[in-house]
Amino acid sequence: MKTDQVLLRGRILSFTAEPQGPEDHAAYRYIEDGAILIAGGIIRGTGSYDQLARQAPSVPVVDHRPHLLMPGFIDTHIHFPQVQVIASWGAQLLDWLNSYTFPEETRFAEPAHAEAMADWFMTQLCAHGTTSAVAYASVHEISAEAFFSAAARRDMRMITGKVMMDRNAPEALRDTPQSGYDATKRLISHWHGKGRASYAITPRFAITSSPEQMEMAGALTAEHPECYVQTHLSENRDEIAYTLSLYPEAPDYLGVYERYGLLGPKALLGHSIHLEPREIDLLAETNAKPVFCPTSNLFLGSGLFDDAGLRGRGITNAIATDVGAGTSYSMLQTLNEAYKVLQLQGQKLHPLRAFHWITRGNAVALGLEDKIGTLEPGTEADIVVLDSAASEPMALRMQRAETLSEELFVLQMLGDDRAVAETYVAGTPQKIGARAAQQPALQPA
């Protein structure tokens with residue numbers, strides 16, 4: 001039951017900036033016996049438990065000690081219609097799309113299926129501690145409607161868009177430049193800015209959109225600068241070669257999106273692995289956001305994302321699961337694989353920066369750090385409760401952990417949905433599955 005006010009007690013961790021190293025204590029706030037005061041789905045105060053309990057003496061308390069309370073995780077690239085093809089064996093990108101993804105996405109023309117999968121999808125995100133996501137729907141308008149409706153029922157902050165694709169896909173998954181434009185306009189009108197919903201104009205990628213459709217996508221972007229743009233870029237070398245054969249006048253892959261006016265601070269470019277120097281310059285110039293999808297990149301054998309190289313140019317990188325080529329809904333497991341991808345390139349991912357990345361860092365990439373990604377007063381009360389001893393190996397390792405950074409690294413490398421003790425969306429506990437019977441009861445302050 002959602003109460004008007006509640007005080008969550010536990011160990012509190014939230015970031016105010018990106019940590020530059022383990023000693024950068026100014027970048028985060030950690031409170032050993034902390035509390036978060038929530039009212040009306042908004043965080044009204046964060047501080048020590050003693051302080052907030054005195055300020056709100058009659059507010060009921062949910063005691064999550066000894067667990068760690070953090071902002072809910074944010075996933076910046078995930079495919080809602082691919083939930084039943086996750087873990088499909090043995091292909092690289094283009095074969096994987098044709099063999100698994102496209103046949104699966106045809107099922108989302110059926111409203112009942114789209115609605116059932118959308119509800120299941122939201123449940124899985126919450127079970128893994130993810131409270132906001134940027135998702136691809138299928139080409140069918142009804143799939144985006146189902147997604148937004150399911151998110152609205154839970155009051156989740158979500159961004160999605162119906163994919164636009166008019167070629168190089170099965171007939172059942174093709175729209176036309178005009179129908180894709182018209183459906184997108186209707187969806188923007190119906191959903192963007194309503195409650196916690198935002199729209200992403202979504203040409204799937206250059207291979208599946210004709211120049212005429214790319215022009216329509218550019219027109220939509222110009223007409224709706226408040227909306228996001230999401231697409232794919234330079235995931236696979238065969239994909240790049242095919243794209244350049246379809247757009248021979250383009251200087252490079254990113255040049256296709258540049259030509260049609262799709263680049264800017266709200267552009268989210270999934271993968272961005274095999275980039276040319278001009279493309280990196282253009283990303284820096286336009287403030288478009290590459291999105292690192294480590295589990296997917298490894299699963300499809302696509303390549304290694306150069307986080308440090310792009311960051312060194314002042315580019316803001318987001319990070320994401322990319323389910324269903326991605327192999328886990330867990331942002332913790334995403335950090336696990338990200339650590340390994342960067343290790344292979346001599347790059348480091350300190351656990352403090354890792355947890356900043358999946359909270360405030362992704363919020364900054366989306367321009368939403370005033371709403372989500374922190375535990376600052378006035379922000380939306382999306383919170384994850386983490387148990388760093390959730391499994392026997394984690395509990396055994398935690399017996400030897402002496403610092404916050406060590407604990408975070410245990411969560412980063414060994415954690416998954418079992419480590420999520422609770423997820424709050426706009427202040428409401430999700431009480432997912434068997435966990436409902438295990439939740440702490442409301443107690444008087």
field: Closest non-hydrogen atom pair, Ser405 against Pro351
entry: O-CG, 3.4 Å
message: If you compare all heavy atoms of Leu411 against all heavy atoms of Ala419, which two are closest, and at what distance to 0.1 Å?
response: CD2-CB, 3.9 Å
- prompt: Is the side chain of Asn336 donor-acceptor paired with the backbone N or O of Met413 at a distance under 3.5 Å, no angle test?
  reply: yes
message: Run the side chain to side chain donor-acceptor pair (under 3.5 Å) test against Glu258 and tell me which residues pass, sequence neighbours left out.
response: Arg278
field: Intermediate values then yes/no, side chain to side chain contact (heavy atoms under 4.5 Å, CB included), His79 and Val323
entry: CA-CA 6 Å; His79 292 264; Val323 166; over 6 Å; no
- prompt: Got Leu269 and Val291 here, is their nearest side-chain heavy-atom distance under 4.5 Å?
  reply: no
- request: Decide side-chain hydrogen bond (donor to acceptor under 3.5 Å, both in side chains) for Gln430 and Arg154; before the verdict, give the C-alpha distance in whole Å, the side-chain angles of both, and the deciding distance to 0.1 Å.
  value: CA-CA 9 Å; Gln430 297 305 291; Arg154 294 177 184 257; 3.1 Å; yes
task: Measure the CD-CD1 distance between Glu104 and Ile86 for me, rounded to the nearest 0.5 Å.
output: 12.0 Å
message: Closer than 3.5 angstrom, by distance alone: can the side chain of Asp322 be matched with the main-chain N or O of Ala325 as a donor-acceptor pair?
response: no
statement: Here the pair of heavy atoms bringing Lys162 nearest to Val139 is NZ-O, 2.8 Å
- prompt: To the nearest 0.5 Å, how far apart are CG in Leu37 and CZ in Arg9?
  reply: 14.5 Å
- prompt: Where is the tightest heavy-atom contact between Val256 and Ala206, given as atom of each residue plus distance?
  reply: CG1-CB, 4.0 Å
query: Any Lys/Arg nitrogen of Lys266 or Glu226 sitting under 4.0 Å from an Asp/Glu carboxylate oxygen of the other?
result: no
message: Quick check on side-chain hydrogen bond (donor to acceptor under 3.5 Å, both in side chains): which of Thr202, Thr76, Thr160 does Gln230 satisfy it with?
response: Thr202
field: Any side-chain heavy-atom pair of Glu105 and Met165 under 4.5 Å
entry: yes
- prompt: Is Glu337 reaching over with its side chain to a backbone N or O of Thr334, donor-acceptor style, under 3.5 angstrom?
  reply: no
task: Looking only at non-hydrogen atoms, find the nearest pair between Ser198 and Arg157 and report the distance.
output: OG-NH1, 4.3 Å
message: What verdict does the side chain to side chain contact (heavy atoms under 4.5 Å, CB included) test give for Gln82 and Tyr136, after you've listed the backbone C-alpha separation in whole Å, the side-chain angles of each residue and the deciding distance to 0.1 Å?
response: CA-CA 9 Å; Gln82 296 178 16; Tyr136 287 66; over 6 Å; no
message: A side-chain contact here means heavy atoms from C-beta on lying under 4.5 Å apart; do Glu369 and Glu376 qualify?
response: no
task: May I ask you to check whether Trp191 and Phe148 place their ring centres under 6.0 Å from each other?
output: yes
Nearest-0.5 Å distance, CG of residue Leu68 to CG of residue Leu13: 5.5 Å
field: Verdict with supporting geometry, Thr321 and Ser328, side chain to side chain contact (heavy atoms under 4.5 Å, CB included)
entry: CA-CA 7 Å; Thr321 65; Ser328 176; over 6 Å; no
task: Using atom types as modelled and distance alone, determine if a side-chain donor or acceptor of Glu406 lies under 3.5 Å from a backbone N or O of Ala401.
output: no
query: Does the gap between the ring centers of His271 and His232 come in under 6.0 Å?
result: yes
From Ile358, Leu125, Asp416, Val384, residue fulfilling side chain to side chain contact (heavy atoms under 4.5 Å, CB included) relative to Met331: Ile358
message: Would you say that Phe292 contacts Val341 through its side chain, given a criterion of any heavy-atom pair below 4.5 Å between the two side chains?
response: yes
- request: Let me see the working for Phe108 and Phe80 under ring pair (Phe, Tyr, Trp, His ring centres under 6.0 Å), right down to the final yes or no.
  value: CA-CA 10 Å; Phe108 284 75; Phe80 147 60; 5.3 Å; yes
message: Show every side-chain hydrogen bond (donor to acceptor under 3.5 Å, both in side chains) that has at least one partner inside residues 357-366, sequence neighbours left out.
response: His356-Arg360
statement: Taking every heavy atom of Ile38 against every heavy atom of Gly427, the minimum-distance pair comes out as CG2-CA, 3.9 Å
field: Residue pair Val62 / His64, side-chain heavy-atom distance below 4.5 Å
entry: yes
- prompt: Restricting to pairs with a member in residues 370-416, which pass ring pair (Phe, Tyr, Trp, His ring centres under 6.0 Å), not counting sequence neighbours?
  reply: Tyr339-Phe409
field: Where at least one partner belongs to residues 71-94, residue pairs that pass salt bridge (charged side-chain N to carboxylate O under 4.0 Å, His left out), sequence neighbours excluded
entry: none
- request: List the steps, then state whether side chain to side chain contact (heavy atoms under 4.5 Å, CB included) holds for Tyr49 with Val61.
  value: CA-CA 10 Å; Tyr49 172 73; Val61 177; 4.0 Å; yes
- line: Only residue of Ile12, Leu8, Thr423, Thr131 satisfying side chain to side chain contact (heavy atoms under 4.5 Å, CB included) with Ile383 is Leu8
task: Would you check if the side chain of Thr123 reaches a backbone N or O of Asp119 as a donor-acceptor pair within less than 3.5 Å?
output: yes
- prompt: Between His128 and Tyr329, what is the ring plane arrangement, given parallel below 30°, perpendicular above 60°, and tilted in between?
  reply: tilted
query: Is the backbone of Gly41 close enough, under 3.5 Å, to the side chain of Glu380 for a donor and an acceptor to pair up by distance?
result: no
field: Between NZ on residue Lys289 and CG on residue Leu268, distance to nearest 0.5 Å
entry: 7.5 Å
task: Using modelled atom types only, decide if a donor and an acceptor are shared between the side chain of Ser88 and the backbone of Val85 within a distance under 3.5 Å.
output: yes
message: Using only atom types and a distance under 3.5 Å, with no angle test, would you say the side chain of Asp382 pairs donor to acceptor with the backbone of Ala426?
response: yes
field: Ser138 side-chain N/O to Pro81 backbone N/O, donor-acceptor pair under 3.5 Å
entry: no
query: Can you list every pair that meets side-chain hydrogen bond (donor to acceptor under 3.5 Å, both in side chains) and has a residue in residues 387-396, with sequence neighbours left out?
result: Ser388-Glu407
- prompt: Any side-chain heavy atom of Asp155 within less than 4.5 Å of one from Arg196?
  reply: yes
field: Aromatic contact, Tyr253 with Tyr247 (centres under 6.0 Å)
entry: no
Donor-acceptor contact below 3.5 Å, side chain Thr231 vs main chain Arg204: yes
query: Going by an N to O cut-off under 4.0 Å, is there a salt bridge joining Asp24 and Arg353?
result: no
query: Is the shortest distance from a Lys or Arg side-chain nitrogen in Asp306 or Arg311 to a carboxylate oxygen in the other one below 4.0 Å?
result: no
query: Do Ile36 and Leu375 come within less than 4.5 Å of each other through their side chains, counting heavy atoms only?
result: yes
- line: Between the CD1 atom in Ile201 and the CE atom in Met164, the distance rounded to the nearest 0.5 Å is 8.0 Å
query: Are the side chains of Leu254 and Leu263 in touch, meaning some heavy atoms are under 4.5 Å apart?
result: yes
task: Report the distance from atom CG of Leu368 to atom OG of Ser132, rounding to the nearest 0.5 Å.
output: 7.5 Å
message: Among residues at least two apart in sequence or on other chains, which ones pass side chain to side chain donor-acceptor pair (under 3.5 Å) with Asp281?
response: Arg313
